[in-house]
Amino acid sequence: MSNKLTIMPIEVLLVEDNPGDAQLTRIALEDSKISIHLNVVEDGVEAMAFLRKEEKYSKAVHPDIVLLDLNLPRKDGREVLAEIKGDENLKRIPVVVLTTSQAEEDILKAYNLAANCYITKPVDFDQFVKIVQSIENFWFAIVKLPPE
């Protein structure tokens, strides 16, 4: 009999329309000591369908955390954040806003909509990787995430 524990991976939903940023996030998480499963959708409409397990996402997993860009096609991140935090079944999912916007208006709006934190994406590759790894270290190793 094995003494090894089976640990379920941390389920992450990345809502990001920039394929380059999505790939950088994937690369940054690959070296993790923690088992992480990254799901990526490219816009707010897809994000809500994933979270609500609609249509092609009927078998989608319940994410432990959402990494959300603000500037998205079809439905922007602010609308997605408002819908998540306004939905009784989704509101406990931590949402980390990860965006290029440094506008005070966006920061205030995100926190007013109950974002769990707001991080500005650096343009430098190494800094971007450090930011994603910092998110990983804090949210996946230190914070106790809510059960589904």
Side-chain angles (χ1 to χ4, degrees), residues 7-57 59-87 89-148:
I7 298 173
M8 298 298 292
I10 300 287
E11 294 291 343
V12 178
L13 176 61
L14 174 63
V15 187
E16 174 60 69
D17 64 319
N18 181 320
D21 286 352
Q23 185 61 22
L24 287 178
T25 304
R26 187 176 305 284
I27 290 167
L29 294 174
E30 279 177 355
D31 293 333
S32 177
K33 294 176 184 76
I34 302 164
S35 179
I36 297 171
H37 182 241
L38 184 66
N39 302 279
V40 181
V41 294
E42 297 180 356
D43 65 50
V45 171
E46 294 286 312
M48 293 315 300
F50 185 99
L51 289 165
R52 292 182 173 139
K53 300 181 183 202
E54 296 170 343
E55 300 165 14
K56 69 181 183 181
Y57 298 110
K59 295 187 184 336
V61 296
H62 182 85
D64 295 302
I65 190 167
V66 174
L67 303 179
L68 178 66
D69 189 15
L70 288 184
N71 302 310
L72 299 167
R74 299 206 294 166
K75 180 181 289 196
D76 81 2
R78 296 154 197 85
E79 294 173 273
V80 172
L81 180 57
E83 284 189 42
I84 291 171
K85 295 303 181 177
D87 185 309
N89 297 316
L90 304 174
K91 70 181 182 182
R92 285 175 295 285
I93 300 171
V95 178
V96 174
V97 173
L98 184 59
T99 187
T100 55
S101 175
Q102 296 182 31
E104 281 187 17
E105 175 183 332
D106 284 337
I107 296 167
L108 285 171
K109 183 158 189 169
Y111 281 117
N112 285 339
L113 291 170
N116 294 86
C117 68
Y118 190 103
I119 300 170
T120 302
K121 288 185 217 172
V123 291
D124 176 72
F125 170 76
D126 291 332
Q127 287 300 315
F128 186 88
V129 170
K130 283 181 185 174
I131 291 288
V132 172
Q133 290 172 341
S134 294
I135 292 168
E136 171 197 335
N137 290 335
F138 181 73
W139 285 99
F140 309 154
I142 296 171
V143 171
K144 182 74 174 153
L145 294 169
E148 183 175 340

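These numbers come from a predicted model, not from an experiment. Residues: numbered from 1 along the sequence shown.
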Yes or no on side-chain contact (heavy atoms from CB on, under 4.5 Å) for Val15 and Val66, after CA distance, side-chain angles and deciding distance?
CA-CA 7 Å; Val15 187; Val66 174; 4.1 Å; yes
Working for side-chain contact (heavy atoms from CB on, under 4.5 Å), residues Val61 and Asn39
CA-CA 9 Å; Val61 296; Asn39 302 279; 3.8 Å; yes
So Ile84 and Met48, side-chain contact (heavy atoms from CB on, under 4.5 Å) or not? Walk me through it.
CA-CA 8 Å; Ile84 291 171; Met48 293 315 300; 4.1 Å; yes
Evaluate Leu67 against Leu13 for side-chain contact (heavy atoms from CB on, under 4.5 Å), listing each step before the verdict.
CA-CA 6 Å; Leu67 303 179; Leu13 176 61; over 6 Å; no
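Taking both residues in full, the closest heavy atoms of Leu51 and Leu90 are given as O-CD2, 3.7 Å, listed atom of the first, atom of the second, then distance. The shortest non-hydrogen separation linking Ala110 to Val97 is CB-CG2, 4.2 Å. Nearest heavy-atom pair across Pro94 and Lys85 is CA-NZ, 4.4 Å. In plain terms, the two heavy atoms of Pro63 and Phe50 that are nearest each other are CD-CE2, 4.3 Å. Residue Ala22 comes nearest to Leu14 through the heavy atom pair CA-CD2, 3.8 Å, listed as atom of the first residue, atom of the second, then distance.
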With a cut-off of 3.5 Å and sequence neighbours excluded, list every side-chain donor-acceptor pair involving residues 73-83.
{"from": "Arg74", "atom 1": "NE", "to": "Asp43", "atom 2": "OD2", "distance (Å)": "2.9"}
{"from": "Arg74", "atom 1": "NH2", "to": "Asp43", "atom 2": "OD1", "distance (Å)": "3.3"}
{"from": "Arg74", "atom 1": "NH2", "to": "Asp43", "atom 2": "OD2", "distance (Å)": "3.2"}
{"from": "Arg74", "atom 1": "NH2", "to": "Glu46", "atom 2": "OE2", "distance (Å)": "3.3"}
{"from": "Lys75", "atom 1": "NZ", "to": "Glu83", "atom 2": "OE2", "distance (Å)": "2.6"}
{"from": "Asp76", "atom 1": "OD1", "to": "Arg78", "atom 2": "N", "distance (Å)": "3.1"}
{"from": "Asp76", "atom 1": "OD1", "to": "Glu79", "atom 2": "N", "distance (Å)": "3.0"}
{"from": "Asp76", "atom 1": "OD2", "to": "Arg78", "atom 2": "NH1", "distance (Å)": "2.9"}
{"from": "Arg78", "atom 1": "NE", "to": "Asp106", "atom 2": "OD1", "distance (Å)": "3.1"}
{"from": "Arg78", "atom 1": "NH1", "to": "Leu70", "atom 2": "O", "distance (Å)": "3.3"}
{"from": "Arg78", "atom 1": "NH2", "to": "Asn71", "atom 2": "OD1", "distance (Å)": "3.3"}
{"from": "Arg78", "atom 1": "NH2", "to": "Asp106", "atom 2": "OD1", "distance (Å)": "3.1"}
{"from": "Arg78", "atom 1": "NH2", "to": "Asp106", "atom 2": "OD2", "distance (Å)": "3.2"}
{"from": "Glu79", "atom 1": "OE1", "to": "Asp76", "atom 2": "N", "distance (Å)": "3.0"}
{"from": "Glu83", "atom 1": "OE1", "to": "Arg52", "atom 2": "NH1", "distance (Å)": "3.1"}

For residues 129-142, tabulate all N or O donor-acceptor pairs below 3.5 Å that involve a side-chain atom, not counting sequence neighbours.
{"from": "Ser134", "atom 1": "OG", "to": "Lys130", "atom 2": "O", "distance (Å)": "2.9"}
{"from": "Glu136", "atom 1": "OE2", "to": "Ser32", "atom 2": "OG", "distance (Å)": "2.6"}
{"from": "Asn137", "atom 1": "ND2", "to": "Gln133", "atom 2": "O", "distance (Å)": "3.3"}

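Listed by first and then second residue, the salt bridge (charged side-chain N to carboxylate O under 4.0 Å, His left out) pairs that reach into residues 13-24 are Glu16-Lys121, Asp21-Lys121, sequence neighbours excluded.
Legend: residues meeting ring-ring contact (aromatic ring centres under 6.0 Å, His included) with Tyr118, ordered by chain and number and at least two apart, are absent. In this structure Phe128 satisfies the ring-ring contact (aromatic ring centres under 6.0 Å, His included) test with no other residue, sequence neighbours excluded. Remark: Asp64 pairs with no residue by the side chain to side chain donor-acceptor pair (under 3.5 Å) rule, at least two apart or across chains.
Contact annotation: the side chain of His62 approaches that of Ile93 to within less than 4.5 Å [non-hydrogen atoms, C-beta and beyond]. Arg26 is listed as a side-chain neighbour of Val40, based on a closest heavy-atom distance under 4.5 Å.
In the displayed structure, Lys109 atom NZ is contacted under 6.0 Å by at most 12 heavy atoms of other residues, nucleotides or ligands.
Summarising the geometry, atom CG belonging to Leu98 is positioned 7.5 Å from atom CG belonging to Asp69; distances are rounded to the nearest 0.5 Å. Between the CD1 atom of Ile107 and the SG atom of Cys117 there is a distance of 12.0 Å, given to the nearest 0.5 Å. Atom CG of Leu29 and atom OG of Ser35 lie 11.0 Å apart (nearest 0.5 Å). Interatomic distance, CD1 of Ile27 versus CG of Leu38, reported as 11.5 Å (0.5 Å rounding).
No hydrogens or angles considered: nothing links the side chains of Lys53 and Asn89 as a donor-acceptor pair under 3.5 Å.
Using a distance-only test at 3.5 Å, with no hydrogens or angles considered, no donor-acceptor pair links the side chain of Asn116 to the main chain of Val96.
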